[in-house]
Amino acid sequence: MSEVAIRVENLSKQYRIGQRESYKALRDVIADTAAAPFRRFRSAFNGNGSSNGSALSTQHSAFEGGNSIWALDDVSFDVKRGEVAGIIGRNGAGKSTLLKILSRITKPTKGYATIHGRIGSLLEVGTGFHPELTGRENIYLNGAILGMRKAEIERKFDEIVAFAEVEKFIDTPVKRYSSGMYVRLAFAVAAHMETEVLVIDEVLAVGDAEFQKRCLGKINEVARGGRTVLFVSHNMHAVQTLCTRAIVLKDGKIAKAGSVDSCIDSYLSEARTSRSEWIRPTANGNSSMLIFEQVSVALSGEQPDLTLDVAMKLRSRGLHKSAFVAVDVLDARGVGLMQAMPATEGFLRPEVVDHDFRVLIDLPPLVPGRYSLKIWVGPHNTETFDQIEDVASFEVMASPSPGRTFEHSYDHGAIVPRSRVVGRSNEFHYDDSFSHVE
């Protein structure tokens, strides 16, 4: 048995902008099959060579002229059996196109891909569900669409229902399900497929925190079972947790491939902004109650006594209630570490149009590295007037002071709390400024 589960060689996909890709109906396939011997006869009679094909390969010629783009451009890589490979990149990098080719949803323009073993795809959660059918009926329908046999569905039925937590509503039409119930059931069906290769595209972008945690646990269970997984996600924490290696796509090409940490660092260094000042152009059509016009960020002090100075200019548009401002600090993986909300009650008043103020944040001791900020404005946590993701980033350096270096790493978290030892023995010398033993 081959050690390679997925082999991609010089894979390229070209789309013509503004033109739909043609698809064949069953009658077209039957007609083409019947006419194939005559085409081969004419080809041999005219002296033309025969064409060779392989799984998921094609020799389509590229569009000549016109307005076209290469969604994938000469992509080659191997994924070994039992490996969990993460595919990361910005929107439009070609990730979904790659998975659609591997799942036989679309054909490549050039190159080929070979998959050893049965493949299961989870590209769009809920595709194939019929709203008028019950949960029970949709499990059989969706399972069949995904390639599961009836006996396999029956054997896994109880596990699927238990995972989705819809036992009470299993015989209710899914049009009466909440969005969370719908998504849980769809994921449960796909996740319980018995395949050698599982392709997953951004399933963690939906659902609540508990559902996402269950998704990660199930994907991890699949990976530990020796199955090959190709995992696409913008959640860097999930990629780092689940994957054994990663591939970074940029503009349809492989920008980097290798260890998960090095690929994530490469992707984030490309994606993050190093600006300390952010300006949003005035947008008259903005429906937000508040518009950020300018944000500037300054970092002062020395580890561990750092202060963030965040200055903001906002303009309100028909504000009907008071609002809060919150500043979130995130680590390099996009995981939220803390939130600063300086006022106990909303201080952006409806009667004020222009808001110009600063927020000073005393940071706790942080592990050296890069951090980013998100700013949110709203009346409470369930309603958002406006927010900016990744408004600015800042670098925390190790303290130059003797005896005040951090020996911690991200394996133990990004925040280093102040702590002290009580009743220590004489064998140790302890600097009670930090939890550092010499």
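Basis for what follows: all heavy atoms, side chains included, without hydrogens, waters or symmetry-related copies. None of these values were measured; they are calculated from a predicted model.
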message: Using the side chain to side chain donor-acceptor pair (under 3.5 Å) criterion, which residues pair with R149? Sequence neighbours excluded.
response: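 Per chain and number, R149 pairs via side chain to side chain donor-acceptor pair (under 3.5 Å) with no residue.
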
Where the side chain of [X] meets the backbone of [Y], is there a donor-acceptor pair that is under 3.5 Å apart?
X: K95; Y: G89; answer: yes
X: D74; Y: S12; answer: no
X: E83; Y: T228; answer: no
X: R227; Y: T195; answer: yes
X: K13; Y: K107; answer: yes
X: D73; Y: K253; answer: no

- prompt: Can a salt bridge be assigned to the pair R358 and D309 using a cut-off of 4.0 Å between side-chain N and carboxylate O?
  reply: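 Salt bridge: yes.
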
- prompt: Does E221 come within less than 4.0 Å of K218, counting only side-chain N to carboxylate O?
  reply: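 Here E221 pairs with K218 in a salt bridge, since their nearest N and O are under 4.0 Å apart.
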
Nearest 0.5 Å please: distance from the [atom1] atom of [X] over to the [atom2] atom of [Y].
X: I361; Y: L373; atom1: CD1; atom2: CG; value: 7.0 Å
X: F129; Y: I145; atom1: CZ; atom2: CD1; value: 9.0 Å
X: F231; Y: D201; atom1: CZ; atom2: CG; value: 9.5 Å
X: L337; Y: D331; atom1: CG; atom2: CG; value: 5.0 Å
X: M148; Y: K156; atom1: CE; atom2: NZ; value: 7.5 Å

For residues [X] and [Y], report the shortest heavy-atom separation together with the two atoms involved.
X: V8; Y: A113; result: CG2-CB, 4.1 Å
X: C263; Y: A246; result: SG-O, 3.3 Å
X: L363; Y: L299; result: CD1-CD1, 4.0 Å

More than 12 non-hydrogen atoms from neighbouring residues, nucleotides or ligands closer than 6.0 Å to [atom1] on [X], yes or no?
X: R176; atom1: CZ; answer: no
X: R7; atom1: CZ; answer: no
X: D328; atom1: CG; answer: yes

query: Does T172 reach the side chain of M181, with side-chain heavy atoms less than 4.5 Å apart?
result: no

task: Evaluate the side-chain proximity of V327 to L308: yes if any heavy-atom separation is below 4.5 Å, no if none is.
output: no

Only pairs under 3.5 Å count here: list side-chain donor-acceptor contacts from residues 163-171, not counting sequence neighbours, and write none if there are none.
| residue | atom | partner | partner atom | Å |
| --- | --- | --- | --- | --- |
| D171 | OD1 | R136 | NE | 2.8 |
| D171 | OD2 | R136 | NH2 | 3.4 |

